[in-house]
4 protein chains.
Amino acid sequence: MARGVNKVILIGNLGQDPETRYTPNGNAVVNLNLATDESYKDRQTGQMVPKTEWHRIVMFGKIAEVAGQYLRKGSKVYIEGKLQTRKWQGQDGQDRYTTEVVVDINGQMQMLDSRGAGGGMDQGAPQGRPQPQPQQNQQPPQGNYGQQSGQQGGGYNQPAGGQGNMPEPVDDFDDDIPF
Amino acid sequence: MARGVNKVILIGNLGQDPETRYTPNGNAVVNLNLATDESYKDRQTGQMVPKTEWHRIVMFGKIAEVAGQYLRKGSKVYIEGKLQTRKWQGQDGQDRYTTEVVVDINGQMQMLDSRGAGGGMDQGAPQGRPQPQPQQNQQPPQGNYGQQSGQQGGGYNQPAGGQGNMPEPVDDFDDDIPF
Amino acid sequence: MARGVNKVILIGNLGQDPETRYTPNGNAVVNLNLATDESYKDRQTGQMVPKTEWHRIVMFGKIAEVAGQYLRKGSKVYIEGKLQTRKWQGQDGQDRYTTEVVVDINGQMQMLDSRGAGGGMDQGAPQGRPQPQPQQNQQPPQGNYGQQSGQQGGGYNQPAGGQGNMPEPVDDFDDDIPF
Amino acid sequence: MARGVNKVILIGNLGQDPETRYTPNGNAVVNLNLATDESYKDRQTGQMVPKTEWHRIVMFGKIAEVAGQYLRKGSKVYIEGKLQTRKWQGQDGQDRYTTEVVVDINGQMQMLDSRGAGGGMDQGAPQGRPQPQPQQNQQPPQGNYGQQSGQQGGGYNQPAGGQGNMPEPVDDFDDDIPF
DNA sequence: TTTT
DNA sequence: TTTT
């Protein structure tokens, strides 16, 4: 339960394809960059000038799977989540803070493109999940979710077992899109 | 007008008294730190553990004046605004980003304490504005709003006319704040 | 899952004590009347005139239990739910429609009174549930939730066990309600 | 100012073309029927069954003009407004109540179709505004907005001048779409 | 740093 | 980096 309200509602477009990762237990975690546009009247010139705000989104669970599967660069989407600020260490050892919109079981996601939305038949080449970049220990804004105590492995992994001979962890609902 | 939706809704309590500043044209700008609480069940222990999220709020215009006048440390408040991320320079010359909830003419604010709420009988003693701590020029997370082009003066000023030779607009949070 | 968004967010005060009922399986259902206030400037007189809007709320599940237990006439509360319009038959046989804000597992409720909120020390005496007014069979706006097919009994019952010779649980607001 | 919060957020599709009317002073008022879809799992059958909720929307001002001009049956739209319940008289003399989502200057509207949104080039034949139905005094759910005191005329009129050979009511912004 |  |  919450003793407060922390809610974010966004409608915007993805700046790139979603990045999907997996927690050690095989749960999907998806990162999105979402642009919301606003234009305002410049007080000097009287002209309307466009302004884009970029939001960092992190999704968990089933919603993450759907997002990873159906959203693409340019997709328009409705997102409901909560604000969360994470602390991380810069390479200079200093603390940095990153604020994200977290979409978990309490959040919501709606695809707003006519295509895909409920159809998604055009995904033919099913997106192959942005191939596992070799981890080169860059100092990252990537959240380290799903780490239980006593777990030493780094951040996200490929699904349970990772890239070995995995029979295939996720992606159950290939056919019927659950929304 | 907006070509997208960017909305944040929060209910929480102030961590400190609001900080009021003024733009060169005498418009109030208020900064708040707002805590929203949530508890979740720890998967290990099965216990409910409380979790506090801190939000940085920036208010403008009339809403800022009301907030500056009636809100205090501990006040419970409803806030509706939008997400905005500002870029600033760390002392090391590197870019930093701070995400804030901006409450402007399109936002909303509701005081949720029985006291004050609509009464504000305590405004007599006009809140004395947390006195300007001597500032030690660290490069700060304080937004530089209300700066028109061709304006060289620093950020916020005291209200219209201000008190004399104010060498110093504000600046606070002396050491490290998480944003 | 939803193929759309249907969300209502209210902060207001209860017009009366909540009315608690129970589905045949013992699940709590609570009805609230919630007032939200707004004032606007009269275009004729230039005066601010207050305007109260009344909302009919229906809560289910755990949230309903909490509401029934801790909320009282006058309580200030935050509610998040969805809009739903029910059709019912007037005594004249004509269709009537009542729009309610439904707060279920996907909704949220926050008590905003300092007292009670998280304390609820008054729950000992369990509030005696506004005693069952003898019902005079007018066909009413009371929703008939929780009715599974093949179930003939009337609407809500007393909680699991309860019933005995219960003359009639529901029906309330005898005369005029604004919906 | 408001002493409460009353907010509705919907994403759905129009059931018909918008109906545009005008207040005596020529301000646009638009009525929409908006469907939001949700499916839920039937507890008996375990199947997902779709459920459509219909919402009655009333828009005022510039937003109404845009809606009347660009929205059509089937359009997908984001709407932010407030709940309002109106009382009206049935033909039997009895009170009826209708709850609407009011979108005024404080509300928001976003067209979510790729087409139209910002383009709307398909409106060529500018939709001729559902021609003024002969007023046959049907008992109506139509709101009677914009009635100042001392005004006896019925409900909405065509813009200044009314239904005669109206040269054209409104629609100023033919070229640049203000969003 | 708040609140319960 | 998106979208119109």
Side-chain angles (χ1 to χ4, degrees), chain A residues 1-6 10-19 31-39 48 50-57 71-79 85 111-115, chain B residues 1-6 10-19 31-39 48 50-57 71-79 85 111-115 130 172-179, chain C residues 66 70 78 110-121, chain D residues 70 78 110-121 176-179:
Chain A
M1 270 291 122
R3 291 199 43 69
V5 171
N6 177 356
L10 302 173
I11 296 180
N13 300 281
L14 300 213
Q16 313 89 341
D17 284 358
E19 295 171 54
N31 285 274
L32 305 178
N33 272 323
L34 190 76
T36 56
D37 290 313
E38 185 181 18
S39 24
M48 292 304 280
K51 181 156 176 264
T52 294
E53 191 66 38
W54 286 97
H55 309 274
R56 182 174 179 80
I57 315 291
L71 296 181
R72 285 296 166 267
K73 177 180 182 177
S75 297
K76 184 184 285 281
V77 70
Y78 167 92
I79 273 173
T85 298
M111 305 190 316
L112 297 174
D113 298 301
S114 29
R115 52 147 196 135
Chain B
M1 271 293 119
R3 289 200 42 70
V5 170
N6 177 356
L10 303 171
I11 296 180
N13 300 279
L14 299 213
Q16 312 94 337
D17 284 357
E19 297 170 54
N31 284 275
L32 305 178
N33 271 324
L34 190 77
T36 56
D37 291 313
E38 186 181 17
S39 23
M48 291 305 281
K51 180 156 177 264
T52 294
E53 190 66 37
W54 287 97
H55 309 274
R56 181 174 179 79
I57 316 289
L71 296 181
R72 286 294 167 270
K73 178 181 183 175
S75 296
K76 185 184 283 281
V77 69
Y78 166 93
I79 273 173
T85 298
M111 305 189 315
L112 297 174
D113 299 301
S114 30
R115 51 148 194 133
D172 41 288
F173 300 105
D174 297 80
D175 15 40
D176 67 328
I177 356 85
F179 33 42
Chain C
V66 176
Y70 294 108
Y78 166 93
Q110 289 291 314
M111 305 188 317
L112 297 175
D113 299 302
S114 30
R115 51 149 195 131
M121 59 297 284
Chain D
Y70 294 106
Y78 166 93
Q110 289 290 316
M111 305 190 316
L112 298 174
D113 299 302
S114 30
R115 51 144 197 137
M121 63 294 287
D176 66 324
I177 313 138
F179 49 101

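In the text below, chain A, chain B and the rest are named by the order of the sequence lines, each starting its count at 1.
- Here the side chain of Arg3(A) is nearest to one of dT1(F), dT4(E), dT3(F), namely dT4(E).
- Considering only the side chain of Asn13(B), dT3(E) comes nearest among dT2(F), dT1(E), dT3(E).
- Atom pair Leu14(A):CG and dT2(F):P shows a separation of 11 Å (rounding to whole Å applied).
- Nearest nucleotide to the Thr52(B) side chain, out of dT2(F), dT1(E), dT2(E): dT2(E).
- Distance CD (Glu53(B)) to C1' (dT1(E)): 14 Å, rounded to an integer number of Å.
- Here CG of Leu34(B) is found 9.5 Å from NZ of Lys76(B). Values are rounded to the nearest 0.5 Å.
- dT2(E) atom P lies 19 Å from atom CG of Asn6(A), rounded to whole Å.
- Across the protein-nucleic acid pair, Asp37(A) atom CG and dT1(F) atom C1' stand 12 Å apart, rounded to whole Å.
- Nucleotide dT2(F) holds its P atom 8 Å from the CD atom of Gln16(A), rounded to whole Å.
- One can place CG of Leu32(B) at 12 Å from C1' of dT2(E), the figure rounded to the nearest angstrom.
- Among the atoms of the strands shown, none is found under 4.0 Å from any heavy atom of Thr36(B).
- In this entry the distance linking CG of Leu112(C) with C1' of dT3(E) reads 12 Å, nearest Å.
- Atom-to-atom, CD1 of Ile57(A) to P of dT1(F) comes out at 18 Å; the value is rounded to the nearest Å.
- Distance CG/Asn13(B) to NZ/Lys73(B): 12.0 Å, rounded to 0.5 Å.
- When all heavy atoms of Ile11(A) and Thr36(A) are compared, the closest pair comes out as O-CG2, 3.3 Å.
- Residue Asn33(B) has its side chain nearest to dT1(E) when only dT1(E), dT2(F), dT2(E) are considered.
- A distance of 10.5 Å separates NZ in Lys51(B) from CG in Asp37(B), rounded to the nearest 0.5 Å.
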